[in-house]
2 protein chains.
Amino acid sequence: MTGPVTGLGRNLDGVRRGNLSAVLGLVHRTGAASRSQITQLTGLNRSTVAALVGELVELQLVVENNPEATNRVGRPSPVVTPHQRTVAIAVNPELDAITVGIVGLGARVVRRVRREVDHPVTPHETAALIAEVVAELAGDLVDRHVVGIGLAVPGLVRSVDDTVRWAPHLNWIDSGIVPLVESATGRAARAGNDASLGGWAEHLFGVGQGIDDLIYLNGGASGIGGGVISGGRALGGHSGFAGEFGQNRPGFADTADRRTPNGTLEDEVSRARLLAALGLSGGDEATLEAALLSTVSPAVREELARQRRVLAVALSNAINVLNPELVVLGGFLASVHASGPEGLEADVAAQAVPAAWEGTRICSAALGEDRLMIGAAELAFSALLADPASEG
Amino acid sequence: MTGPVTGLGRNLDGVRRGNLSAVLGLVHRTGAASRSQITQLTGLNRSTVAALVGELVELQLVVENNPEATNRVGRPSPVVTPHQRTVAIAVNPELDAITVGIVGLGARVVRRVRREVDHPVTPHETAALIAEVVAELAGDLVDRHVVGIGLAVPGLVRSVDDTVRWAPHLNWIDSGIVPLVESATGRAARAGNDASLGGWAEHLFGVGQGIDDLIYLNGGASGIGGGVISGGRALGGHSGFAGEFGQNRPGFADTADRRTPNGTLEDEVSRARLLAALGLSGGDEATLEAALLSTVSPAVREELARQRRVLAVALSNAINVLNPELVVLGGFLASVHASGPEGLEADVAAQAVPAAWEGTRICSAALGEDRLMIGAAELAFSALLADPASEG
DNA sequence: ACGATTTTGTTGCCCTTGACGCCAAATCAC
DNA sequence: GTGATTTGGCGTCAAGGGCAACAAAATCGT
């Protein structure tokens, strides 16, 4: 019935698939949309939308409810919301812990479990651990349809086969984590780069909603990762390794600002240097930010100023090349920005192509801890969203 | 008959439009394709392709010819080629001259006229000059259908309305060149950034054929411009200003390599510095390259080596972020690369993320002087290629 | 030289799908 | 309560691509 998706040619099946995908995607992204809204936003005919929504209801992917008190003239339009039944399992393996979550359509995080580990886990151990946690979550999965497992991996993930090419933090090299997870859990799995998925999540559900050209930079304990959204699509590059801003070598306006022989962004602008300046050994993001914003220590303030100056060059370079509408900063980079937004933005304004910078804003990420769960789930949902009729 | 192209929803008209566009685009990009090839590449049915080609023939956009001696079993498939009738006028205004060309579908450059100017021309003068040259070319345009005029402008062009936001070389600021050209010539016009269009041309017809992720850097007398192709689409960014690699500030492995306080790529890696080292005052690309590759002067070789080192950092940064399959270098940058490809590539290999660099090649641009004509024409053809039935 | 084989254009029919028009339903304003 | 407005529901329509059978044009084998 459904033809192959080969080639450039459009197909009548493709129209149906595309429309079903558009409607489900709309409901997924907005969380809830009335049928009349769907009609307007898709540009399709009312009767067509009715048929599409009807099919999605039959597929148990969405539900229709009567709205309460719209305060508007005219016959009320049923509100279409994602069906609670359909969920994805999101996984984020990290050095110190593995986080597993259950995420429904509409980016509703149902559950999140963090399992600490006391030693760096191998891919095999990771797969076993995931299977273990998923088994524990079985209670949350009864009467639910699990589309699959999405992994947000802190490393380079090859896009053709979701192989982890290099995850320095976990010490994984050329790891076929996906088949391991699939055989351990019996469920379909996908993997992607954590920062790219985080950027995608911010684009769909965070500060980047409705913004089709943005760059996302996340500052974590292990370095700086990033993702690029261009024209509403995630920029992966040839192999899916795009977005490695942390390995870039920005210029230095003042050579005295340079701290390392390499001069890579993540060596110069780092959480570790901030902690060292503060005299701390660790702590979560919120306490770090509080300490940074309330400090009176000249040394800390100078280190912050230095990191802002270096970050400004890196952002200017990115803005020149990508001309984003929005720069989203996550993790400690948000704190670095917050410590002196005017100074940072003035530096960017001075160094970026003026026209490219004009339309650009810099802001902090919004989704917090759910970001990677949502991003990873998005990966698991992607096949369903692209072709809602193919799966039950 | 043809519905609006609004929203996310696909439409039956859209199918026809899309298929017509796919077939015409295929013929345009390949220069000639048999009907059976079109059938295979589009994935459409033979009868559908026949109908589509038939419509394009009726629209006088393509012609069908019997192939000569295929030496293959089976009934020979008619070869579909672009109709000679349909052409675009390509314009490249520069500081010292304006180049106007006639380019047919399939990127066939029919004519190219270079009109020298002795002073920097204003937008008004440019429009008048274009109209003058186009009038002179009237002989080449009889019995031809001109889809419009495409301008490859050395400056930032806003994508929403093709306004020239900033063209430092021409000293144009916020210039509505498009309406000026339209009223001077009575033809529809479009404008775009020269380097971005050059990159697009290399992607479609040059060394980047079939490569969907590439970056293009062109070294000209006035600086370094660039374009990014990602996922087969030109990356424009929010306003269309993307690709300004020349304004980037790369890091310096050795601070002694730095020549300017700014440290922007195009100030550090420049044609002017090469000419100065050679003791020349000007000359075209070919003579510059010949001089550079045959020089025995240690000073020139050192300057080349320095520029290669700086360029390597800039390319590494771009490769980390964009993970291209191909880096295309044009203008004097191709010469800089050719002067020591191993050294440049070793530096990139040392500084880029290894996984991202692995699948990447660096090569010289292929299209030569026709590049900007083809790119500008592509802009004029774009509406026709997107919806072949809309225009005659 | 002539038929078999292979490949591909041609033709008529079918099915799917979205659009359109009319009617019914639900809410608000007066 | 009545009219205006908005929107869902249903039947009908038309357009477009898929499909299968047939025809045509080339090569290959004998």
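Because the structure is a prediction, the values reported are computed rather than measured. Every chain is numbered from 1 and lettered A, B, ... according to where its sequence line falls, protein lines coming before strand lines.
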Out of dG8(D), dG16(D), dT17(C), which nucleotide sits closest to the side chain of Val15(B)?
-> dG16(D)
Search all heavy atoms of [X] against all heavy atoms of [Y] and return the closest pair with its distance.
| X | Y | value |
| --- | --- | --- |
| Leu384(A) | Leu24(A) | O-CD2, 4.2 Å |
| Ser230(A) | Leu235(A) | CB-CD1, 4.3 Å |
| Thr81(A) | Gly31(A) | CG2-O, 3.7 Å |

Rounding to a whole Å, what distance do you find between Arg17(A):CZ and dT16(C):C1'?
-> 13 Å
Separation of dG16(D) atom P from Asp13(A) atom CG, nearest Å, is 17 Å
Of all of residues 19-38 of chain A, which get a heavy atom below 4.0 angstrom from DNA chain D, listed by number?
-> Arg35(A), Ser36(A)
So the ring pair (Phe, Tyr, Trp, His ring centres under 6.0 Å) pairs with at least one residue in residues 32-59 of chain A (sequence neighbours excluded) are none
His28(B): partners by ring pair (Phe, Tyr, Trp, His ring centres under 6.0 Å), with sequence neighbours left out | Phe205(B), Phe381(B)
Report, one pair per line, the protein and nucleotides 19-21 of chain C atoms (nitrogen or oxygen only) whose separation is under 3.5 Å.
| from | atom 1 | to | atom 2 | distance (Å) |
| --- | --- | --- | --- | --- |
| dA19(C) | OP2 | Asn45(A) | N | 2.8 |
| dA19(C) | OP2 | Thr48(A) | OG1 | 2.8 |
| dC20(C) | N4 | Ser47(A) | OG | 2.9 |

Which pairs pass salt bridge (charged side-chain N to carboxylate O under 4.0 Å, His left out) with one or both residues in residues 20-42 of chain A, sequence neighbours excluded?
-> Arg35(A)-Glu64(A)
Letter per nucleotide, 5' to 3', of nucleotides 24-30 of chain D [B base touched, S only sugar-phosphate touched, - untouched; heavy atoms, 4.0 Å] = BBBS---
